[in-house]
Amino acid sequence: MFRFSAEAADALAELDPREAVTVDFWFAGRDGDSVRRGLWRLATSPPDGRSCAP
């Protein structure tokens with residue numbers, strides 16, 4: 001589970017609910033780093049705006 005900081009959650013709350021945000025998760029591995037990208041539409045975010053699972 002990923003938890004946004006209070007500051008990030010406040011900034012997301014100011015956005016238009018029709019907008020979307022992209023979060024890149026970086027993972028270190030033996031064969032180099034890999035990136036997983038999550039796209040969330042703000043209108044479908046959890047009610048507290050802080051917790052989400054990709």
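Computed over heavy atoms, backbone and side chain alike; hydrogens, waters and symmetry mates excluded. All residue numbers refer to positions in the sequence shown, counting from 1.
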Original post:
Who pairs with S34 by side-chain contact (heavy atoms from CB on, under 4.5 Å), at least two apart in sequence or on another chain?
Top reply: F27

**OP:** Output all residues satisfying side-chain contact (heavy atoms from CB on, under 4.5 Å) with A11, sequence neighbours left out; order by chain, then residue number.
**Re:** none

Original post:
Who passes salt bridge (charged side-chain N to carboxylate O under 4.0 Å, His left out) against R37, sequence neighbours left out?
Top reply: D24

Original post:
Is there a side-chain contact between V21 and L15 (heavy atoms, below 4.5 Å)?
Top reply: yes

Subject >> Within residues 26-36 or reaching into it, pairs that qualify as salt bridge (Lys or Arg N to Asp or Glu O under 4.0 Å) - sequence neighbours excluded >> reply: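 Those involving residues 26-36 do not exist here.
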
